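Input: a single structure, listed below in structure tokens.
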Amino acid sequence: MSKRDYYEVLGVSKEADDDELKRAYRKLAMKFHPDRNPGDHLAEERFKEANEAYEVLADPQKREVYNRFGHEGLQRGGGAGGAGFGTGFADIFGDVFSDIFGGGGRGGPRRGADLRYTMELSLEQAVFGTSETIRIPTVEDCEPCHGQGTADGKPARECTTCRGAGQVRVQQGFFVLQQTCPACRGRGTAVTDPCKSCRGAGKVRSEKTLEVKIPGGVDTGDRIRLTGEGERGERNAPPGDLYVQVQVKPHELFERDGSDLYCTVPVSIVTAALGGELEVPTLSGKATLKISEATQSGKLFRLRGLGVKPVRGGATGDLLCNVVVETPVHLTKKQKELLRELGETLGEKKHSPQASSWLDKAKHFFDEHLKAP
Ligand SMILES: [Zn+2]
Ligand SMILES: [Zn+2]
């Protein structure tokens, strides 16, 4: 199955900068969010596809690899050890791509892998910030064998295949490649009598609980880095980092665009025609919206400063209320009569600005195109 190009998935050019990427990703993430498209498999696929594309393109190292080697390059990097591409790339792959239990050793102690955690937040949590407790998988030294993997808990002996190096050299065509030792899987040691608890691995899966502080103003696509909270490094190597990736759920009232919020406000024809005041919801309570006389459907009213305070600083955005004039329903006989009476007085053009300009255009259209030759 062929994979779509990541730039195509996000609908951006190859030169797109971080901001463009983020904007494109947010739009797709909102549009195809599972909460908004329950049971729609195509939407779910699109959502996953956008997540994957963004994850790669938002990371400068992964993007570089993708630009040079495409999907293929990323896949190779994800595999255990891999042949590597020579200069530098093996390092990039090893650090960025190894999964928590995957990834191959490269001889000596390896820095722990980075972990990613997607955190779903409500719009309110994202706007005001929150503190969330998360549980993430981790690897710990096996207790009975003190991480040695041996039944007696003493250090294992040296691997005879690689003589403790963890790597072997393999001739492939013209090239000599360094590969992870297949006998010890890069560990450099061989366990002959393995510990029963961990079956010789020396490590056991576990979970750790972390308190993550989310600053107010974050949005879908933002990542919070928790240094050193990734996978443990081997032996004395440093641990990886944990990236908490924010995913904001769709809100039933508000739509967010950067620091601005949008909401749709239904207005009766009476208020729309005569003007008036309406109470509208904001993220932090209620506000009064003044509807001016002769308001048309689609008019945007701006409530300054009632949007979002951006996480990176800058001015707080606005709340934009999109007015939709509502046609009254379930009218009584009397009400219908009153409307008809009103209608008879509204014949003049000046009462219907949109209709009159529309009628002019329609007339022009008929005159131009529908005159029989
Ligand atoms: Zn070995
Ligand atoms: Zn053990």
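Only a predicted model underlies this, so the values are computations on that prediction, with no experimental measurement involved. Every number for a ligand or one of its atoms is a count from 1 in the order of the listing. Along the sequence shown, residues are numbered consecutively beginning with 1.
Taking the Zn ion (ligand 1) as the apex, the angle formed with SG of C159 and SG of C181 is 120°, to the nearest 10 degrees. Annotation: angle subtended at the Zn ion (ligand 1) by C184 SG and C162 SG is 110°, to 10°.
Distances from the Zn ion (ligand 2) show that C142 has an N/O/S atom below 2.8 Å.
Ion pair K196/D193 not flagged as a salt bridge, since none of the NZ, NE, NH1 or NH2 atoms sits closer than 4.0 Å to an Asp/Glu carboxylate oxygen.
Relative to the ring axis of Y243, R116 does not place its NZ or CZ within 45° and under 6.0 Å from the centre.
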Residues D114, R225; criterion salt bridge (charged side-chain N to carboxylate O under 4.0 Å, His left out); working and verdict: CA-CA 10 Å; D114 291 335; R225 176 174 164 175; over 6 Å; no
Verdict with supporting geometry, E344 and R340, salt bridge (charged side-chain N to carboxylate O under 4.0 Å, His left out): CA-CA 6 Å; E344 277 156 24; R340 264 185 218 107; over 6 Å; no
